[in-house]
S.K.: 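Pasting a structure below so you can have a look.
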Amino acid sequence: MATTTRGRMAQAGTVRTFDSLNPATSEPVATFPVCGEDEVSQAVARARAAAGWWSGLGWKERRIRLLAWKSYLTRYIMRLAELVHAETGKPVADAQLEILLAIVHIDWAAKNARRVLGPRRVRSGLVAINQASSVEYHPLGVVGVIGPWNYPVFTPMGSIAYALAAGNAVVFKPSEFTPATGTWLADSLASVIPDHPVLQVITGFGETGQHLARSGVDKIAFTGSSRTARKVMAACAENLTPMVAECGGKDGMLVAADADLDAAADAAVWGAMSNAGQTCIGVERVYVVQDVYHTFLEKLTERVGRLRPGDDREADYGPMTMPGQLEVVEQHIADAMACGGRAVAGGLGSIRKPYVGPVILADVPETSAAVTEETFGPTMTVSPVADLDEGVRRANAVRYGLGSSVFSRNRRAAMRAARALRSGMTSVNAVIAYASVPALPFGGVGESGFGRIHGPGGLREFAAAKAITRQRMKPMVNLTSFSRTDADLKKIMTVATMLHGRRYTPGRGRRAR
Ligand code: NDP
């Protein structure tokens, strides 16, 4: 058996296997096969057959089964939470919270799929007044989901639940760090739907994910780093397979002078440090209006002083799940200090493998990697700004654009800043609140990816729009016929000129308010 940086691998005959390891103890959690190209294409073939049955079931029957799955997950939440704790190291209570959010999303997707995707009449307009027009959304077939390890239930569920509710079958490649969690999820759905593999798991490393991206599935839903997203996109390009990419972030928080500083400090600390900072929508940078900068820093340092990473039930957060990330965290802290930043809490000494104590870096130049790159550790940079406008400018100056937050008691100013922040999602006077609202779209811009999961857009992401017109009566003038006459065209041009040819005057025709 060989030990790799990412776990232990073994070869028994022709079957390669690997262990998922507990990051706190390095003890193996369970052993899984490394699925090769054949196993992946066999899983996709089985999924294709299951997709036919699943889409044929109809909205009501799918909803019944998905809600039964939701109920199963709720009843067995502790078992799954213990498994997530073992594979990621996060506290069991945090794992429960994560699963609870996933349950809320299954519920919403199951209950709203028909309303969002079912047939809907649309107005035909004057030119096509003789047509009855409708749009409906058909399942794509088989969706490949490639997931990360940091929220191994919540994150892939944002694609899995919505893809299933839209009538697709799913082949899921969990991260090599969390294969037991992924397998548990598929097994739990199989206990509700025993005869048709609508959700299958293929385990392995990045190569297994590559096979899935190349397998001819109808869409890939990828969540992970921007670097890997590029490789997955290149593989998808070979078959013109569409892709949704949920990538990394470098989320900024703005704190106005009139903000509730205790609430903002509490949220910043939780947003930056919970899950050991391994959160795509975690707080990585804080911009505080100068007048309250020093008070805010004091509140932050006082709060992080009470935090303790560990593997016991009382620990505030766990170890770094992926050993390699420790190096990135170390480099970012070192770079911040080398270019003039100050560690106002913790520092390089906070790195005690596999744990990292909380680190707050102040006055770090905006060019430092600690400000421009995703750190993915329990650290944050804090900088003073003249006002919210400067905060927005600096928050927007990175390549990422996933989430963000604003703290201010002035509703108008907060909403203005929220709209100006270049990110897919913003929460005002809270952190990551949008992730718990299933009706809201989730996703980013720039290096944070494209496409949306969650909400109506998340259902449509896994469906193809189908437009249908049904001729209700003969047209007054048949324009799509070689028997069309010049007089026919003249008639239609007269009507068009009346409707569209008048000189456009802004505001004319609107009711006075
Ligand atoms: P990675 O990009 O390393 O891996 C993501 C997934 O892709 C894993 O399942 C991985 O498998 C797989 N993979 C790796 N290489 C390839 C490849 N060449 N082809 C196909 N699949 C491949 O990300 P992490 O797992 O380390 O997750 C952390 C990242 O995810 C962070 O950047 C974080 O911000 C982001 N993230 C984004 C979220 C969002 O919603 N926007 C949510 C959560 C995390 P394996 O692990 O086996 O190598």
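Counting convention: from 1, in listed order, for ligands and their atoms alike. These numbers were taken from a predicted model, which means no experiment stands behind them.
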S.K.: When you compare ligand 1 with Gly147, is there at least one nitrogen or oxygen pair between them that comes in under 3.5 angstrom?
M.R.: yes

S.K.: Measure the distances from the heavy atoms of Gly204 to every atom of ligand 1 and state whether one is below 4.0 angstrom.
M.R.: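 For ligand 1, residue contact (heavy atoms, under 4.0 Å) with Gly204 is present.
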
S.K.: Any side-chain donor-acceptor pair under 3.5 Å between Ser404 and Thr426?
M.R.: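 A donor-acceptor contact under 3.5 Å links the two side chains.
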
S.K.: Would you please classify the geometry between the Trp184 ring and the Tyr72 ring as parallel, tilted or perpendicular, with 30° and 60° separating the classes?
M.R.: tilted

S.K.: Provide the number and element of each atom of ligand 1 under 4.0 Å from a heavy atom of Pro148.
M.R.: 25 (O), 27 (O), 43 (C), 44 (C)

S.K.: Return yes if some donor-acceptor pair links the side-chain N/O of Ser226 with the main-chain N/O of Glu447 below 3.5 Å, else return no.
M.R.: yes

S.K.: Would you kindly specify which portion of Lys231 sits under 4.0 Å from ligand 1, judged on non-hydrogen atoms: side chain, backbone, both or neither?
M.R.: side chain

S.K.: Quick one: does Cys247 get a heavy atom under 4.0 Å from ligand 1?
M.R.: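 Within the 4.0 Å threshold, so yes.
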
S.K.: Could you list the atoms of ligand 1 found under 4.0 angstrom from a heavy atom of Val232?
M.R.: 19 (N), 20 (C), 21 (N)

S.K.: Can you list the atoms of ligand 1 that are under 4.0 Å from a heavy atom of Phe222?
M.R.: 2 (O), 5 (C), 6 (C), 7 (O)

S.K.: Could you list the atoms of ligand 1 found under 4.0 angstrom from a heavy atom of Leu402?
M.R.: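 Here the atoms of ligand 1 in question are 41 (N).
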
S.K.: Nearest to atom 29 (C) of ligand 1 by heavy atom, Pro179, Gly324, Gly282, Gly224: which?
M.R.: Gly224

S.K.: Do we see a donor-acceptor contact under 3.5 Å between the side chains of Lys173 and Thr203?
M.R.: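 Distance-only check fails for Lys173 and Thr203.
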
S.K.: Nearest to atom 1 (P) of ligand 1 by heavy atom, Thr203, Thr178, Thr228: which?
M.R.: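 Considering heavy atoms of Thr203, Thr178, Thr228, the nearest to atom 1 (P) of ligand 1 sits in Thr228.
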
S.K.: Give the single entry among Cys280, Ala435, Gly209, Gly449 that approaches atom 21 (N) of ligand 1 most closely by any heavy atom.
M.R.: Gly209

S.K.: Taking 4.0 angstrom as the limit and counting only heavy atoms of Trp149, give me the atoms of ligand 1 inside it, by number and element.
M.R.: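 Once the distances to Trp149 are compared, the set is 24 (P), 25 (O), 26 (O), 27 (O).
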
S.K.: Evaluate the ring planes of Phe442 and Phe154, with Trp represented by its six-membered ring, and classify them as parallel (under 30°), tilted (30 to 60°) or perpendicular (over 60°).
M.R.: perpendicular

S.K.: Give a yes-or-no answer on whether the side chains of His454 and Tyr434 include a donor-acceptor pair shorter than 3.5 Å.
M.R.: no

S.K.: Salt-bridged, Glu37 to Arg214, with N to O below 4.0 Å?
M.R.: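 Result for this pair is no, no salt bridge flagged.
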
S.K.: Should Thr155 be counted as touching ligand 1, given the test is an N or O pair under 3.5 Å?
M.R.: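 In fact, backbone or side chain, Thr155 has no N or O that close.
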
S.K.: Between Glu87 and Thr178, does any side-chain donor sit less than 3.5 Å from a side-chain acceptor?
M.R.: no

S.K.: Give a yes/no on ligand 1: does Tyr151 have at least one heavy atom closer than 4.0 angstrom to it?
M.R.: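 So Tyr151 does not count as touching ligand 1.
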
S.K.: Does Glu374 reach ligand 1 with a nitrogen or oxygen that is under 3.5 Å from one of the ligand's nitrogen or oxygen atoms?
M.R.: yes

S.K.: If we ignore angles and hydrogens, is there a donor and acceptor under 3.5 Å between the side chains of Thr31 and Asp19?
M.R.: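 There is such a pair (donor and acceptor under 3.5 Å, judged by atom type) between the side chains of Thr31 and Asp19.
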
S.K.: Quick one: is the NZ or CZ of Lys90 closer than 6.0 Å to the six-membered ring centre of Tyr151, and within 45° of its axis?
M.R.: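 Here Lys90 passes the 6.0 Å and 45° test against Tyr151.
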
S.K.: How long is the gap from OH on Tyr317 to OH on Tyr355, to the nearest 0.5 Å?
M.R.: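 OH of Tyr355 is found 11.0 Å from OH of Tyr317.
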
S.K.: Could you tell me, atom by atom, which parts of ligand 1 come under 4.0 Å of a heavy atom of Phe442?
M.R.: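 In order of number, 40 (O).
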
S.K.: For ligand 1, which atoms, with element, lie under 4.0 Å from some heavy atom of Phe205?
M.R.: 47 (O)

S.K.: Between Val34, Thr208, Thr223, Thr321, which one has a non-hydrogen atom sitting closest to atom 5 (C) of ligand 1?
M.R.: Thr223

S.K.: May I ask you to check if ligand 1 and Glu176 share an N or O to N or O distance below 3.5 Å?
M.R.: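 Yes, there is a polar N/O contact under 3.5 Å.
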
S.K.: Could you check which of Asn150, Leu212, Ile146, Ile220 puts a non-hydrogen atom nearest to atom 44 (C) of ligand 1?
M.R.: Asn150

S.K.: Please check if any side-chain donor atom of Ser188 sits under 3.5 Å from a side-chain acceptor atom of Trp69, or the reverse.
M.R.: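 Note: Ser188 and Trp69 side chains meet the donor-acceptor criterion.
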
